[in-house]
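Per chain, numbering begins at 1; letters A, B, ... match sequence-line order. Please read all numbers here as calculations on a predicted model, not as lab measurements.
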There are 2 protein chains.
Amino acid sequence: MDQVTALRRFNRYFTRRIGVLDDHYLGQDRPLGEARLLFEIHESASEASGTGASLRELRTRLGLDAGYLSRMAKALEAQGLVRTSVHPGDNRLRRVALTPAGRAEVTEQNRRAGALAAGLLEGLAPGQRTDLTGALATAQRLLRLAAITVTLVPGASPDARACLEAYAADLDVRFPEGFDESALVRPEEVSGDAGAFFVAYEESRPVGCGALRRLEPRVGEIRHVWVHREARRLGLARRLLAALEGEAAARGFDVVRLDTHAALTEAQAMYRACGYREIPRYDDNVYAAHWFEKRLE
Amino acid sequence: MDQVTALRRFNRYFTRRIGVLDDHYLGQDRPLGEARLLFEIHESASEASGTGASLRELRTRLGLDAGYLSRMAKALEAQGLVRTSVHPGDNRLRRVALTPAGRAEVTEQNRRAGALAAGLLEGLAPGQRTDLTGALATAQRLLRLAAITVTLVPGASPDARACLEAYAADLDVRFPEGFDESALVRPEEVSGDAGAFFVAYEESRPVGCGALRRLEPRVGEIRHVWVHREARRLGLARRLLAALEGEAAARGFDVVRLDTHAALTEAQAMYRACGYREIPRYDDNVYAAHWFEKRLE
DNA sequence: ATATTTCTTTGACTTTAGTCAAACTTTGGC
DNA sequence: GCCAAAGTTTGACTAAAGTCAAAGAAATAT
């Protein structure tokens, strides 16, 4: 309960003191809503290799009313900061991209916010600055992890399939011999009585997954534990593993097994740290080089 | 420059994800402005032993327009959440205090915000929660320190005198024999050519001070380094000391001296850690038990 | 091919937040 | 006792933020 207080105290301090200041500087010459929208268009554009973001995307990201957003976009266009066009491929969608003037504006926003942050850091000695940066990084990592939810989904759901595709693509790059998607579990193997599939969501985006299937009576197998590149080093894999083990225990399995590729040394280290011990080969997975097992309580 | 980026990244993440959520929950049934005002009235009331806060106090704390605040207070009164009365002692001021209904509302606000924070922490293992709390505490400490400014003020200024009074009151409690204000420096000793006086401000409130005066040619004396109870353990004394030493060097002093009371053991430890070494008695200060000196570069 | 859903635009609103100046009362300095 | 300053209230505004529903166009499902 004291930790709740600490979190709230920090929240109050931070949003009132720093956050408010930042917003104030951000939207110096224009409404905050427009400034934020401009910023978000810039972000979306630089993330996706493409040029610009769709209104639909911005709407969900900023959580705005469709009409409100439409009008703001029009206002930005009237000011010459963005250009809109129909989305190629889906004519219902509207694409918004920054003009050079819009990009200049975002750069200026960044300069101001950066100056604010730099001014704040100036009051600290170099060592203290490092401490601050470290503490903020730790806090952000843990807050992100805390905000991620791990939920059971049907093995055939689009999110599950999307995760497995990303997983396969990652492995294909990682394994010297490549990776063939046919080695993935089939949806029916991880649905209903046969097994389970978990997806980790960060702000309703899937950022990780893990599958459990029945191998033999009272023995389960964990497969395809994967974490999105941008959600790594948060401790998410451990949470997925814990969810899978909990599910296995609930299904009456005494033991869970899993295998890993020789190249995935960090994964092996994690399994060991989580109480798995290496066992002899139990399957004929061509990609596997190590086999592990853990006895459940 | 990378530290600036880290600070900004955290700021963005935190305000958008946690701060916004918190505000949203806070003001569930009423405008955010009113919810904040209600909260602030509660805070002021519990801080000051008295019942309620003056509008003037709330105005400076929240940085609101007088007219705007007056109207919001009236709205809260119409809703039966606060009661206003004339301030005893100054009939210009208006005092606002929570009614039982108002207190219930604040309790409900707190419950909601607490539930939000608790929900967030639930996603973490106990060890991770401790890490998070620790990181946030460190970050808050350093951010506060960074936001404090140390400035040179005339020795006779009200802020300087207020600090010295608080300093004397602290010592009077701390020293077994008490402390008499006549032992303080006189304003003229720390103004102009004779010396200097620094005040540390946090959000325009004085939270610390330190004096420098000429003892002999090329020798300065540092006196009355004090930090407000609520601004301790931030590293502020060191910053004050650094400011005083910088000023001493700028005035051509080669050496600074200072004395401390036997009871102030943490102060002694700090002086040693900051490069001061103990020397024989150099004055006849009745409160002093240890004398220190530092040679400036 | 038809119906349903998705996405955007537009019109018509409301609420919140905030500003500015004038008026009035009380205090404190001289 | 007079005058300036401080504190509050009120009137008269504006801008920003956001809501809701209707309507039209394009995609998708059946």
Of all the choices, [options], which nucleotide is nearest to the side chain of [X] once you look at every atom?
{"X": "Asp65(B)", "options": "dA27(D), dT8(D), dC20(C)", "result": "dC20(C)"}
{"X": "Ser70(A)", "options": "dA16(D), dA27(D), dT10(C)", "result": "dT10(C)"}
{"X": "Ala66(A)", "options": "dC20(C), dT8(C), dC7(C)", "result": "dT8(C)"}

Exercise for the section: Indicate, with a heavy-atom threshold strictly under 4.0 Å, whether Asp90(A) touches base, sugar-phosphate, or nothing. Expected result: sugar-phosphate

Round to a whole Å and report the spacing from [atom1] of [X] to [atom2] of [N].
{"X": "Lys74(A)", "N": "dA17(D)", "atom1": "NZ", "atom2": "C1'", "value": "17 Å"}
{"X": "Glu77(A)", "N": "dT8(C)", "atom1": "CD", "atom2": "P", "value": "14 Å"}
{"X": "Leu64(A)", "N": "dA17(D)", "atom1": "CG", "atom2": "C1'", "value": "10 Å"}
{"X": "Leu76(A)", "N": "dA17(D)", "atom1": "CG", "atom2": "P", "value": "12 Å"}
{"X": "Leu93(A)", "N": "dA27(D)", "atom1": "CG", "atom2": "P", "value": "10 Å"}
{"X": "Arg94(A)", "N": "dT10(C)", "atom1": "CZ", "atom2": "C1'", "value": "14 Å"}
{"X": "Arg56(A)", "N": "dT5(C)", "atom1": "CZ", "atom2": "P", "value": "17 Å"}
{"X": "Arg59(A)", "N": "dC7(C)", "atom1": "CZ", "atom2": "P", "value": "6 Å"}

Practice task
Would you state whether a donor and an acceptor, one from the side chain of Arg71(B) and one from the base of dG18(C), lie under 3.5 Å apart?
Solution key: no

Completion exercise
Of Gly67(B) and Gly67(A), the one whose closest nucleotide on DNA chain C sits nearer the 5' end is Gly67(A)

Quick check against the 3.5 Å criterion: does [X] have a side-chain atom that pairs as donor or acceptor with the backbone of [Y]?
{"X": "Gln109(B)", "Y": "Glu105(B)", "answer": "no"}
{"X": "Ser44(A)", "Y": "Glu40(A)", "answer": "yes"}
{"X": "Ser191(A)", "Y": "Gly155(A)", "answer": "yes"}

Practice task
In plain terms, say whether Arg205(A) and Glu203(A) are close enough for a salt bridge, that is, a side-chain N and a carboxylate O under 4.0 Å apart.
Solution key: no

Handout entry: Spacing of CG belonging to Asn11(B) relative to CZ belonging to Arg9(B), to within rounding of 0.5 Å
Key = 12.0 Å

Exercise for the section: Using only side-chain N and O atoms of Asn91(A), determine if any of them is under 4.0 Å from OP1 or OP2 of dA25(D). Expected result: no

